[in-house]
J.: 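Pasting a structure below so you can have a look.
Computed from a predicted structure; not experimentally measured.
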Amino acid sequence: MKTKMIWANLVAANLERTQKFYTELGFKPNNPHSSNELVSFFLGDNEFVIHFFLKNSIEKNVKNVNFGDSQHSNEIIFTLSAESQDQVDQWADEVEKAGGSIISAPESFGNNYYGFAFADPDGHKFNVFYR
């Protein structure tokens, strides 16, 4: 089965804070889909879409699914590919300036990888790496 498109739906406690954080990191807003219940962004050149819903809104629309507390458990971790080690370091600086938390500082690891992990203000985890 072939899908037409893929996107991620995550929970956000404060949509204004989420909008500000991802806008400051340079993510492109998906404005036709933003509302008082969600904010939406395109990620990367292929325009992968990530929606951030208020918890009660998404649980109302996705029947029989409960969303956990992303501050204390992982639902998923997104990996963002950087073009250089310098770009990884720039991402880390920008994440902190925008209000995110660095989980692990930029460092070399594995087989010629360099990267770091961070959480957005709602605790959603990302890792940024260069190889």
Side-chain angles (χ1 to χ4, degrees):
M1 183 163 84
K2 183 178 177 185
T3 61
K4 180 179 171 184
M5 187 174 194
I6 186 170
W7 60 88
N9 297 317
L10 300 175
V11 172
N14 180 312
L15 295 179
E16 287 181 31
R17 179 182 68 189
T18 299
Q19 179 85 36
K20 182 179 184 300
F21 179 78
Y22 287 96
T23 300
E24 286 183 14
L25 291 181
F27 288 83
K28 181 179 154 189
N30 184 12
N31 286 329
H33 295 287
S34 294
S35 71
N36 63 347
E37 292 185 340
L38 81 121
V39 294
S40 182
F41 296 91
F42 292 109
L43 278 80
D45 292 336
N46 294 327
E47 297 191 333
F48 175 79
V49 175
I50 187 169
H51 295 309
F52 295 90
F53 282 89
L54 293 175
K55 187 175 189 291
N56 65 342
S57 175
I58 195 166
E59 287 182 344
K60 175 179 64 181
N61 294 319
V62 181
K63 307 288 189 247
N64 300 319
V65 175
N66 295 316
F67 288 80
D69 180 353
S70 58
Q71 296 289 350
H72 303 318
S73 64
N74 281 353
E75 58 205 302
I76 192 168
I77 187 163
F78 291 100
T79 298
L80 309 174
S81 178
E83 295 180 3
S84 66
Q85 286 189 11
D86 287 341
Q87 190 179 49
V88 169
D89 293 336
Q90 290 171 355
W91 265 93
D93 290 342
E94 292 299 317
V95 164
E96 283 190 305
K97 287 177 191 172
S101 302
I102 302 299
I103 297 170
S104 63
E107 64 181 346
S108 296
F109 63 94
N111 189 12
N112 297 318
Y113 288 94
Y114 181 79
F116 76 103
F118 73 91
D120 73 4
D122 286 297
H124 302 295
K125 313 307 184 287
F126 291 78
N127 95 47
V128 177
F129 81 97
Y130 167 73
R131 178 171 188 216

J.: Let's go through Leu80 and Phe126 carefully: what are the C-alpha distance in whole Å and the side-chain angles of both, what is the deciding distance for side chain to side chain contact (heavy atoms under 4.5 Å, CB included) to 0.1 Å, and is it a yes or a no?
T.: CA-CA 7 Å; Leu80 309 174; Phe126 291 78; 4.0 Å; yes
J.: Charged N to carboxylate O under 4.0 angstrom, Glu24 versus Lys20?
T.: yes
J.: Please say yes or no: joined through hydrophobic side-chain contacts below 4.5 Å, possibly via intermediate residues, are Ile76 and Phe129 part of one cluster?
T.: no
J.: Is there a donor-acceptor pair closer than 3.5 Å between any side-chain N or O of Glu94 and the backbone N or O of Gly26?
T.: no
J.: How about CD on Glu107, more than 12 heavy atoms from neighbouring residues, nucleotides or ligands closer than 6.0 Å, or not?
T.: yes
J.: Is there a side chain to side chain contact (heavy atoms under 4.5 Å, CB included) between Ile58 and Val11 once you walk through the steps?
T.: CA-CA 8 Å; Ile58 195 166; Val11 172; 3.9 Å; yes
J.: Quick one: sort the Phe53 and His51 rings into parallel, tilted or perpendicular, breaks at 30° and 60°.
T.: perpendicular
J.: Let me check something: do Phe27 and Phe78 share a hydrophobic cluster, defined by ILVMFWY side-chain heavy atoms less than 4.5 Å apart, either directly or through other members?
T.: yes
J.: Does a side chain donor of either Asp86 or Tyr130 reach within less than 3.5 Å of an acceptor in the other side chain?
T.: no
J.: Return the minimal non-hydrogen interatomic distance between Asp89 and Pro106, and the atom names on each side.
T.: OD1-CB, 3.4 Å
J.: Got a second to check how far Phe109's CZ is from Arg131's CZ, nearest 0.5 Å?
T.: 10.0 Å
J.: Quick check, are the ring centers of Phe52 and His124 under 6.0 angstrom apart?
T.: yes
J.: Which heavy atom of Phe116 sits nearest to which heavy atom of Ser104, and what is that distance?
T.: CB-O, 3.0 Å
J.: Once you round to the nearest 0.5 Å, how far does CD of Glu16 lie from OG1 of Thr18?
T.: 10.0 Å
J.: Restricting to non-hydrogen atoms, name the atom on Ala82 and the atom on Val88 that form the minimum distance, rounded to 0.1 Å.
T.: CB-CG2, 3.6 Å
J.: Is there a path of hydrophobic side-chain contacts, each under 4.5 Å between heavy atoms of I/L/V/M/F/W/Y residues, joining Leu43 to Ile77?
T.: no
J.: Tell me whether the rings of Phe21 and Phe118 are parallel (<30°), tilted (30 to 60°) or perpendicular (>60°).
T.: tilted
J.: Checking Phe42 against Val49 for the side chain to side chain contact (heavy atoms under 4.5 Å, CB included) test, could you report, in this order, the C-alpha distance in whole Å, the side-chain angles of both residues, the deciding distance, and whether it holds?
T.: CA-CA 5 Å; Phe42 292 109; Val49 175; 3.7 Å; yes
J.: Any side-chain to backbone donor/acceptor pair from Gln19 onto Leu15? Under 3.5 Å, distance only.
T.: no
J.: Closest heavy-atom contact between Ser57 and Glu37?
T.: OG-OE1, 3.1 Å
J.: Indicate, with yes or no, if Val128 and Ile102 share a hydrophobic cluster defined by side-chain heavy-atom contacts under 4.5 Å among Ile, Leu, Val, Met, Phe, Trp and Tyr.
T.: yes
J.: Do the side chains of Leu10 and Val39 join up, straight or via other hydrophobic residues, at under 4.5 Å, putting them in one cluster?
T.: yes
J.: Considering all heavy atoms of both residues, which atom of Gly123 and which atom of Gln71 are nearest to each other, and what is their separation?
T.: N-NE2, 3.4 Å
J.: If you measure from OG on Ser108 to CD on Gln85, what distance do you get to the nearest 0.5 Å?
T.: 5.5 Å
J.: Val95 versus Leu25: any side-chain heavy-atom pair under 4.5 Å?
T.: yes
J.: Between the side chains of Ser70 and Asp122, does any donor sit under 3.5 Å from an acceptor?
T.: no
J.: Please round to the nearest 0.5 Å and tell me the distance separating atom CZ of Phe48 and atom CG of Asn30.
T.: 12.0 Å
